Amino acid sequence: MSGIDKNSGKKRVKKTEIPRTAIPEQEPRVRATNFEEVSLGYTREQALVEASRCLQCKKPKCVAGCPVNIDIPEFIKALEEDDPAAAIAILKRKTSFPAVCGRVCPQEDQCEKVCLLGKKHEPVAIGRLERYAADWEASEGEAAIPEIAPAKGKKVGVVGSGPAGLTCAGDLAKMGYDVTIYEALHKPGGVLVYGIPEFRLPKSIVQRECEYVESLGVELKLDYVIGRTMTVDEMLDDGHDAVFIANGAGLPVFLNIPGENFNGVYSANEFLTRANLMKAYRFPDYDTPIKVGARVAVIGGGNVAMDAARTALRLGASVHLIYRRSMDELPARREEVHHAQEEGIDFHLLTNPLRIIGDQEGWVEEIEVIQMELGESDSSGRRRPVPVEGSELRIPVDTVIMAIGTRANPLLTKSTKNLELNKWGLIVADEHTLATSKEGVFAGGDIVTGAATVILAMGAGKIAARSIDRYLQGQPLLTAEEEDEIRASQEKAAAGAK
Amino acid sequence: MYKILEKVDYSDDVYMQVIEAPAVARVAQAGQFIVLRINEEGERIPLTIADFDRDQGTVTIVVQAIGKSTRQLQELGAGDNLANFIGPLGIPSDIENYGTVVMAGGGVGVAPVYPIARELKRAGNKVISIVAARTKNLLLWEDRMADVSDEVIVTTDDGSYGRKCLVTEPLKELCDAGGVDLVYAIGPGIMMKFCCKTTEPFGVKTLVSLNSIMVDGTGMCGACRVSVGGETRFVCVDGPEFDGHQVDFDELMARQRQYLEQEKISYDFYLECRGDAQCLA
């Protein structure tokens with residue numbers, strides 16, 4: 001390459017020489033006191049520069065790195081040409097909710113991880129560009145209602161209005177099915193509305209996405225607890241030709257250490273639900289209270305732990321984040337960890353809680369922890385943390401938030417006949433079709449995988465919609481080509497293992 | 001929206017509402033609860049079902065106004081709407097013929113006892129009910145309980161009506177006399193605790209229905225956790241009924257006091273601003 005543009009004669013900047021465009025953000029000190037969104041999003045100029053960094057690979061690895069295989073170079077090309085309308089159309093071929101994915105996907109583990117630029121330089125900011133296109137549509141574009149196939153005369157019930165349920169319902173509605181979503185809570189959105197805080201994913205965006213799904217003809221029944229108000233078997237008897245179960249993982253896990261039932265100990269689910277769904281951060285204008293105190297300990301190192309820690313901080317507490325492994329193993333998105341550090345969350349790594357100490361009235365006073373060091377690798381390939389003898393210490397706290405995961409909620413599964421579960425109580429579903437042991441019933445998202453990511457749940461929603469469509473048309477759930485592909489990849493994996 | 005069809009004030013603080021909720025009424029069973037929300041700013045309030053009518057598609061609740069939300073709910077009457085009404089939640093009562101059952105209800109706790117007593121009577125049990133209250137005008141549903149009981153004993157703490165004693169006195173007498181196969185005790189934490197202490201020496205199985213703090217009511221948040229037999233259980237999905245002899249009532253009552261301070265702030269704010277849109281804004 002000469003580096004001289006043939007047309008203009010000007011020296012062209014090499015793509016690899018353009019640095020990754022930083023995203024404007026609220027100042028850490030300012031945002032630590034409000035619930036407004038941390039990242040402000042690219043301006044048009046910033047998006048143009050960042051889009052121009054894409055190498056437009058002939059065989060793009062990013063597409064394969066995306067759980068829903070978005071045509072990434074193609075949408076970025078459209079942005080580079082200053083055509084966000086085209087970009088959003090390309091995005092929407094594969095994802096129904098780009099405004100959500102652009103904000104909460106762990107891009108550094110997916111598309112951006114395999115970006116060719118990232119080998120020697122920094123990867124293209126794919127997520128930020130996705131967000132830019134989606135936000136442009138919301139503010140400037142005309143909400144394009146996609147083509148809806150003629151009515152097929154079949155009814156599908158979707159359990160849960162989280163990312164998996166919304167995606168599946170939207171896809172099926174576009175195919176011409178009569179779809180009803182049953183949501184247990186009083187607002188749609190699932191984890192997007194009760195779990196992820198306003199400052200990371202504004203609820204107005206979630207509401208817009210839910211309204212979009214409704215605009216496709218999907219009926220949304222709130223306050224409907226499948227397993228109680230109606231069972232899956234009743235849904236099938238009551239005119240639903242197929243059911244997709246995407247009710248989420250559910251029950252919070254506690255550590256089983258002494259003192260967990262003292263007042264002031266929350267599950268992250270409870271803490272975040274109070275703050276996000278119930279808007280307790282606006283108490284007493286909203287009725288639901290939340291008690292934070294001056295000092296908070298958050299136990300865990302995932303995205304949920306970061307969300308809980310940063311919510312507690314915004315409610316005025318100083319926050320200790322306690323995680324038993326080291327920074328390298330911390331499972332949260334890098335951006336969340338970085339934001340949490342900037343905002344002043346105090347990280348106690350290689351530290352494990354032993355017990356919670358309470359006062360006479362049953363309120364939390366202190367948490368006793370022990371230092372850990374990394375020992376041998378365990379089954380997950382990560383070095384197992386082992387306690388350092390005699391290193392116990394006590395941290396005075398008013399509140400403890402357990403963010404160490406969830407387990408399956410038995411409410412739906414227990415009330416459904418002939419539904420196979422695994423030893424953790426999660427629904428057993430075929431990995432390629434999401435078919436369960438029960439005729440006409442499909443399942444996906446966290447209730448199948450255990451707690452995972454928004455984009456994986458959306459991917460499951462897409463697969464379920466495809467399977468349900470084929471099932472209702474009397475076709476095999478997988479085409480011959482898909483069967484061949486699966487066999488080939490299994491053989492390849494088996495050969496690799498040898 | 002869920003319409004309130006009927007509202008009756010039993011006293012200054014205790015009231016009944018009949019709510020149109022056909023999807024809930026269709027499958028409601030004795031012992032279960034619902035969660036309601038008054039409006040967009042409202043909290044989710046769990047309440048045990050006091051009655052239901054599947055044909056009419058209605059669910060009845062009985063509430064004691066003790067704070068902001070329960071007072072605000074009291075101000076709603078026939079024709080008004082609730083934003084949300086979710087249920088039925090929790091595991092229904094286990095209805096079978098046990099023989100002789102004693103149904104002890106304290107204060108508004110009598111209301112959730114009623115449908116359980118009715119079903120137990122229908123299943124062939126001999127039902128002896130103890131209807132208890134602090135004072136006469138807080139006494140609830142004596143007539144309804146009489147309809148579904150073989151015998152009704154009324155007690156008030158101050159002796160203004162019925163026997164002047166605590167609920168535990170006739171309970172102990174019945175246990176002393178022998179032949180009691182099962183006891184249900186539903187009411188304030190302290191009342192349930194002492195009912196359980198009364199029956200424990202006799203080895204009479206005693207079921208209680210717990211009213212812990214909840215948010216979602218479907219197992220998601222864990223706010224309602226309680227120690228039963230040394231293990232943590234969730235009232236919303238594992239209960240609300242538990243073997244009272246296994247329940248750590250002191251912990252339960254401490255946990256119920258968790259938001260006293262905020263509840264007061266909220267109630268004062270409400271009383272000050274009631275009906276004053278400008279003040280609330």
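We name chains A, B, ... by the order of the sequence lines, and we start the count at 1 in each one. Predicted model, so just to flag it, every value in this text is computed and none were measured.
- Distance CG/Asp223(A) to CG/Leu82(B): 10.5 Å, rounded to 0.5 Å.
- Looking at Phe262(A), only its backbone comes within 4.5 Å of chain B, counting heavy atoms on both sides.
- Here the CD atom belonging to Gln262(B) is positioned 12.5 Å from the CG atom belonging to Asp287(A), to the nearest 0.5 angstrom.
- Contact residues of residues 34-56 of chain B toward chain A are Arg37(B), Glu40(B), Glu41(B), Gly42(B), Glu43(B), Arg44(B) (heavy-atom distance under 4.5 Å).
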>> Let's go through Ile265(B) and Phe283(A) carefully: what are the C-alpha distance in whole Å and the side-chain angles of both, what is the deciding distance for side-chain contact (heavy atoms from CB on, under 4.5 Å) to 0.1 Å, and is it a yes or a no?
In response: CA-CA 9 Å; Ile265(B) 294 170; Phe283(A) 177 88; 4.1 Å; yes
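- Of the atoms belonging to Leu272(A), not a single heavy atom falls under 4.5 Å from chain B.
- Contacts of Ala83(B) with chain A are made by backbone atoms alone, with heavy-atom separations under 4.5 Å and no side-chain atom involved.
- Considering every non-hydrogen atom in both Ser267(A) and Cys221(B), the closest pair reads OG-O, 2.6 Å.
- For chain B, the nearby parts of Leu185(A) are the backbone and the side chain; heavy atoms of each come within less than 4.5 Å.
- With a 4.5 Å cut-off on non-hydrogen atoms, Lys279(A) does not touch chain B at all.
- For Ser69(B), the part lying under 4.5 angstrom from a heavy atom of chain A is the side chain only.
- Taking CZ from Arg274(A) and CG from Asp216(B), the interatomic distance works out to 10.5 Å, rounded to the nearest 0.5 Å.
- Between the side chains of Asn261(A) and Arg225(B), at least one donor-acceptor pair of N or O atoms lies under 3.5 Å.
- Per-residue counts of heavy-atom pairs under 4.5 Å with chain A were compared for Gly222(B), Gly217(B), Pro88(B); the largest is that of Pro88(B).
- Only the side chain of Lys187(A) comes within less than 4.5 Å of a heavy atom of chain B; its backbone N, CA, C and O stay farther away.
- Asn269(A) contributes a side-chain N or O that, together with a main-chain N or O of Met220(B), makes up a donor-acceptor pair within less than 3.5 Å.
- Ranked by non-hydrogen atom pairs under 4.5 Å with chain A, the options Val237(B), Ile91(B), Val24(B), Thr218(B) are led by Thr218(B).
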Distance-only donor-acceptor hits, side chain of residues 397-405 of chain A, under 3.5 Å, sequence neighbours excluded:
from: Asp398(A); atom 1: OD1; to: Arg295(A); atom 2: NH2; distance (Å): 3.2
from: Asp398(A); atom 1: OD2; to: Ala294(A); atom 2: N; distance (Å): 3.0
from: Asp398(A); atom 1: OD2; to: Arg295(A); atom 2: N; distance (Å): 2.9
from: Asp398(A); atom 1: OD2; to: Arg295(A); atom 2: NE; distance (Å): 3.4
from: Thr399(A); atom 1: OG1; to: Val292(A); atom 2: O; distance (Å): 2.6

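- Counting heavy-atom pairs closer than 4.5 Å to chain B, the top-ranked of the candidates Asn256(A), Leu222(A), Val265(A), Thr406(A) is Val265(A).
- Only the backbone of Phe85(B) comes within less than 4.5 Å of a heavy atom of chain A; no side-chain atom from C-beta onward does.
- Side-chain contact between Val215(B) and Met278(A) is present, with heavy atoms from C-beta onward closer than 4.5 Å.
- For Gln258(B), the parts lying near chain A are the backbone and the side chain together; criterion is any non-hydrogen pair under 4.5 Å.
- In this structure, chain B has heavy atoms under 4.5 Å from both the backbone and the side chain of Thr229(A).
- The pair Glu361(A)-Arg257(B) fails the salt-bridge criterion, with no side-chain N (NZ, NE, NH1 or NH2) lying under 4.0 Å from an Asp/Glu carboxylate O.
- Annotation: side chain of Asp285(A) is in contact with side chain of Phe269(B) (closest heavy-atom distance under 4.5 Å).
- Interatomic distance, Leu411(A) CG to Phe234(B) CZ, rounded to the nearest 0.5 Å: 12.5 Å.
- Under the 30°/60° scheme for interplanar angles, the aromatic rings of Tyr259(B) and Tyr266(A) are found to be tilted.
- You'll find the side chain of Phe254(A) stays beyond 4.5 Å of the side chain of Thr232(B), heavy atoms only.
- Of the listed residues Gly248(A), Ala280(A), Gly250(A), the one with more heavy-atom pairs under 4.5 angstrom with chain B than any other is Gly250(A).
- Glu260(A) touches chain B through its backbone: at least one of N, CA, C or O sits under 4.5 Å from a heavy atom, while the side chain does not.
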